[in-house]
*Asks:* 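Okay, here's the structure, questions in a sec.
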Amino acid sequence: MNWVKVFGKEILQANDFVRFADAAGRKICVIKVGEEFFATQPYCPHAGAALGYGTCKEGKLICPYHRYEYDLRTGRGNPGQGDYIDLYPVEVREDGLYVGLKESLLKRLFG
Ligand code: FES
């Protein structure tokens, strides 16, 4: 597992958000809900929309295109969608937010 710093400690005080982040040159989606952070794949599995422009409601990431919803704890799409998103582990450290990316996953996603 490679732990990559994606934001400095200032992000810990930010209001809730859904946005893209750069993880060592690779785009990911980061979500803040209250005191919790989540990290997901950057694009929607339905038709490739940019999840970093999505919204979050009741623990679900909502795609900006067709409003498919994905559970932030399991990655599963709503019943009937038949799809899921990859989630990456996050860790809050003294100097900011880190995301854990497996080497095999990095190769699969980003070549
Ligand atoms: S592209 Fe995300 S729901 Fe269609």
Side-chain angles (χ1 to χ4, degrees):
M1 183 79 67
N2 293 323
W3 288 94
V4 178
K5 184 178 176 181
V6 293
F7 290 112
K9 62 183 178 185
E10 66 282 352
I11 203 71
L12 306 180
Q13 309 304 321
N15 293 326
D16 291 2
F17 63 74
V18 177
R19 65 171 72 162
F20 283 121
D22 181 277
R26 291 131 177 142
K27 187 182 281 188
I28 62 169
C29 178
V30 176
I31 301 101
K32 181 173 191 268
V33 182
E35 301 300 313
E36 285 189 281
F37 290 90
F38 302 90
T40 76
Q41 66 185 59
Y43 300 109
C44 181
H46 176 233
L51 291 173
Y53 300 130
T55 55
C56 183
K57 185 177 177 185
E58 298 174 355
K60 294 188 176 182
L61 176 60
I62 304 170
C63 177
Y65 276 18
H66 310 105
R67 302 300 214 193
Y68 276 27
E69 298 182 6
Y70 299 93
D71 189 299
L72 285 172
R73 298 199 186 282
T74 66
R76 288 186 183 167
N78 273 354
Q81 288 179 201
D83 59 0
Y84 68 92
I85 55 174
D86 288 330
L87 303 178
Y88 312 131
V90 296
E91 195 170 282
V92 174
R93 299 183 185 174
E94 275 188 23
D95 63 336
L97 182 72
Y98 286 72
V99 173
L101 300 173
K102 290 182 183 170
E103 196 60 43
S104 58
L105 183 62
L106 291 174
K107 286 180 181 161
R108 180 166 62 90
L109 290 177
F110 309 108

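The model shown is predicted, which means the values in this text are computed figures rather than measured ones. Read the numbers this way: they start at 1 and go in the same order the structure lists the ligands and their atoms.
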*Asks:* With sequence neighbours excluded, tell me which residues meet ring pair (Phe, Tyr, Trp, His ring centres under 6.0 Å) with Phe37.
*Replies:* none
*Asks:* Could you check Tyr88 against Lys102 for side chain to side chain contact (heavy atoms under 4.5 Å, CB included), going step by step and ending with a plain yes or no?
*Replies:* CA-CA 9 Å; Tyr88 312 131; Lys102 290 182 183 170; over 6 Å; no
*Asks:* Does Asp71 have any side-chain hydrogen bond (donor to acceptor under 3.5 Å, both in side chains) partners at least two apart in sequence or in another chain, and if so, which?
*Replies:*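 Scan of Asp71 (side-chain hydrogen bond (donor to acceptor under 3.5 Å, both in side chains), adjacent residues dropped) gives none.
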*Asks:* State whether the number of non-hydrogen atoms from other residues, nucleotides or ligands found under 6.0 Å of Glu35 atom CD is greater than 12.
*Replies:*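 No, not enclosed.
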*Asks:* Do any pairs count as a salt bridge (charged side-chain N to carboxylate O under 4.0 Å, His left out) and have a residue in residues 40-52, sequence neighbours left out, and if so which ones?
*Replies:* none
*Asks:* So does Phe17 have more than 12 non-hydrogen atoms from other groups sitting under 6.0 Å from CZ?
*Replies:* yes
*Asks:* Using a distance threshold of 2.8 Å, what protein N/O/S atoms lie below it relative to atom 2 (Fe) of ligand 1?
*Replies:* Cys44 SG, Cys63 SG
